[in-house]
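Because the structure is predicted, anything quoted here is derived from the model rather than measured. No hydrogens, no waters, no symmetry mates; every other heavy atom, side chains included, goes into these values. In this chain, residues are counted from 1 in sequence order.
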Amino acid sequence: MLALPAIWGGYYVASHEALAVMSVFSVGIVIRALTLVLLTALMAARGELKSLLQARYVWKWLVMIGLMGFLLDTTAFIGLQLSPAGIGTALLKCDVLFVNLISVLVYKERFTALDWGLSLVMLLGVFLVLEIDFSHLDLFNVGNVFFILSALFVSINAFLIKEVQHHPTHPAGDGTIAYYNNLITLVLFSLAALVTRQVGELGRIAGNGGLALALLLSGVGQTLIYIVYYYDLRHEPVWLVKVILLLMPLVAAVLGLLLFGDGMSAVQMAGFAIVLTGALFILLTHSRRQAQPSKR
């Protein structure tokens, strides 16, 4: 599970670099097309392509997952273009609060005060790492609203994925869910790019090695996210996966330090320590709860 924030953090950095050169939908097309090629090759190597034909039993769920995938990417990309990346990263991590609320209100999961406290402490640590100035944070800025919407769509999508994974009569494999999610999202990105005429930007890739590398790394990152994220959702509660993903900004900060020479202030290092400590306590308490039934 700890590999997931590292993969997602790398994907975030790479896609952010690509968005500096190309627009939302054109970037989305390339990333999803690369991911489609990689997923097809992977499923072919595993002999899983025939499982795609069984999707007719859960096609309505898969369409909703694909639609949510398009919406969460589009709103996040638009937010990145309208607001600072640091604020965006922080607001996107508010999905942990949406997930906790959905878990309690819809799925009737029991959350202790410690669960809520550790989640909020880790979220505070994320804000410190990103050096968010709350005195100048305009929550209802247009760009910030898109980030909050993306966090909501991410949360809803996680539960939709888990529903298909554990369908009572025709559960779908992770590869099948990922394939259709990516395919539907690719189709929607392509249509949006045609309508907005952003599709012409694809020509910018030729001769721009930096852009091509950023897109390639984004495609690889998106593929790995599908593999690892879906595995974690299948085996762990959604809320726990989302809490661990609060480590993602730490990965982005470290990559910025190593690749771009970004510095790290004392406040950021304090936030770094808070997030890591919170994650450690959450993992320990969750492991202890899982071990309790075996002792009876």
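Hydrophobic clustering (ILVMFWY, side-chain heavy atoms < 4.5 Å, transitive): Val27 and Leu34 are in one cluster. Val37 and Ile29 are assigned to two separate hydrophobic clusters, defined by single-linkage of ILVMFWY side chains at heavy-atom distances under 4.5 Å. Leu53 and Leu49 fall into different hydrophobic clusters, where Ile, Leu, Val, Met, Phe, Trp and Tyr side chains are chained together by heavy-atom contacts under 4.5 Å. Taking hydrophobic clusters as Ile, Leu, Val, Met, Phe, Trp and Tyr residues chained together by side-chain heavy-atom distances below 4.5 Å, Trp59 shares a cluster with Met43. A continuous path of Ile, Leu, Val, Met, Phe, Trp and Tyr side chains, each step under 4.5 Å between heavy atoms, connects Met269 with Val129, placing both in one hydrophobic cluster.
Side-chain atoms of Ser103 come within 3.5 Å of backbone atoms of Val99 as a donor-acceptor pair (strictly under, hydrogens ignored). Side-chain atoms of Glu163 do not come within 3.5 Å of backbone N or O of Trp61 as any donor-acceptor pair. Using modelled atom types, one side-chain atom of Gln198 and one backbone atom of Phe25 make a donor-acceptor pair closer than 3.5 Å. Between the side chain of Ser26 and the main chain of Val199, no donor-acceptor pair closer than 3.5 Å is present. Formation of a donor-acceptor pair under 3.5 Å by the Ser218 side chain with backbone atoms of Ser15 is found in this model. Side-chain atoms of Arg32 do not come within 3.5 Å of backbone N or O of Phe189 as any donor-acceptor pair.
Considering only residues two or more places apart in sequence or on other chains, His167 meets the side chain to side chain donor-acceptor pair (under 3.5 Å) condition with Thr169. Judged as a side-chain contact (heavy atoms from CB on, under 4.5 Å), and not counting sequence neighbours, the contacts of Leu217 are Ala14, Leu213. The ring pair (Phe, Tyr, Trp, His ring centres under 6.0 Å) search around His166 returns none, not counting sequence neighbours. Thr277 meets the side chain to side chain donor-acceptor pair (under 3.5 Å) test with no other residue; sequence neighbours excluded. Scanning for side chain to side chain donor-acceptor pair (under 3.5 Å) contacts around Thr196 gives an empty result, with sequence neighbours left out. Scored by the side-chain contact (heavy atoms from CB on, under 4.5 Å) test, Ala55 finds Leu62, Thr176, Tyr180 as partners (sequence neighbours excluded). Shown here are the side-chain contact (heavy atoms from CB on, under 4.5 Å) partners of Val267, two or more places apart in sequence or in another chain: Leu128, Ser265. Partners of Leu67 by side-chain contact (heavy atoms from CB on, under 4.5 Å), not counting sequence neighbours, listed by chain and number: Leu71, Leu188.
If you take CZ on Phe281 and CG on Leu118, they are separated by 8.0 Å, rounding to the nearest 0.5 Å. Atoms OG and CD1, from Ser23 and Ile78 in turn, are 10.5 Å apart once rounded to the nearest 0.5 Å. The line from OG1 of Thr185 to CD1 of Ile31 is 11.5 Å long, rounded to the nearest 0.5 Å. In this structure, CD1 in Ile65 is found 12.5 Å from CD1 in Ile156, a value given to the nearest 0.5 Å. One finds the CG atom of Leu152 at 15.0 Å from the CZ atom of Phe147 (value rounded to the nearest 0.5 Å). Leu233 contributes atom CG, which lies 6.0 Å from atom CD1 of Ile161 (distance to the nearest 0.5 angstrom).
The list of salt bridge (charged side-chain N to carboxylate O under 4.0 Å, His left out) pairs with a residue in residues 42-71, not counting sequence neighbours, is empty. Listed by first and then second residue, the salt bridge (charged side-chain N to carboxylate O under 4.0 Å, His left out) pairs that reach into residues 232-256 are Asp95-Lys242, Asp174-Arg234, sequence neighbours excluded. Sorted by first and then second residue, the pairs that involve residues 97-118 and meet ring-ring contact (aromatic ring centres under 6.0 Å, His included), not counting sequence neighbours, are Tyr107-Phe159, Phe111-Trp116, Phe111-Trp239. Screening residues 190-230 for ring-ring contact (aromatic ring centres under 6.0 Å, His included), with sequence neighbours left out, gives Trp8-Tyr229, Tyr226-Tyr230.
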**OP:** Assess whether side chain to side chain contact (heavy atoms under 4.5 Å, CB included) is satisfied between Ile7 and Ile227, documenting all intermediate values.
**Re:** CA-CA 11 Å; Ile7 294 169; Ile227 295 171; over 6 Å; no
**OP:** For side chain to side chain contact (heavy atoms under 4.5 Å, CB included), just list the numbers for Leu211 and Leu215, CA-CA rounded to whole Å, side-chain angles, deciding distance to a tenth of an Å, and then say yes or no.
**Re:** CA-CA 6 Å; Leu211 174 60; Leu215 290 169; 4.0 Å; yes
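Side-chain contact check for Asp73 versus Phe153: every heavy-atom pair is 4.5 Å or farther apart. A 4.5 Å side-chain heavy-atom check between Asn157 and Leu160 finds at least one atom pair inside the cut-off.
Across Leu72 and Ser150, no two heavy atoms sit closer than the pair O-OG, 2.8 Å. Contact between Ala178 and Leu39 at its shortest, heavy atoms only, is O-CD1, 3.9 Å. Of all heavy-atom pairs spanning Leu186 and Ala33, the tightest one is CD1-N, 3.9 Å. Minimum interatomic distance between Val238 and Ala158 (heavy atoms only, all atoms of both residues): CG1-CB, 3.7 Å. Across Leu38 and Gly219, no two heavy atoms sit closer than the pair CD1-O, 4.0 Å. Of all heavy-atom pairs between Arg204 and Met22, the closest is NH1-CA, 4.2 Å.
For the residue pair Gln222/Thr35, the side-chain donor-acceptor check at 3.5 Å is not satisfied. For Thr112 and Asp115, the side-chain atoms include at least one donor-acceptor pair closer than 3.5 Å.
The side chain to side chain contact (heavy atoms under 4.5 Å, CB included) test with Met122 is passed by exactly one of Ile244, Val96, Leu276, Leu246: Leu246.
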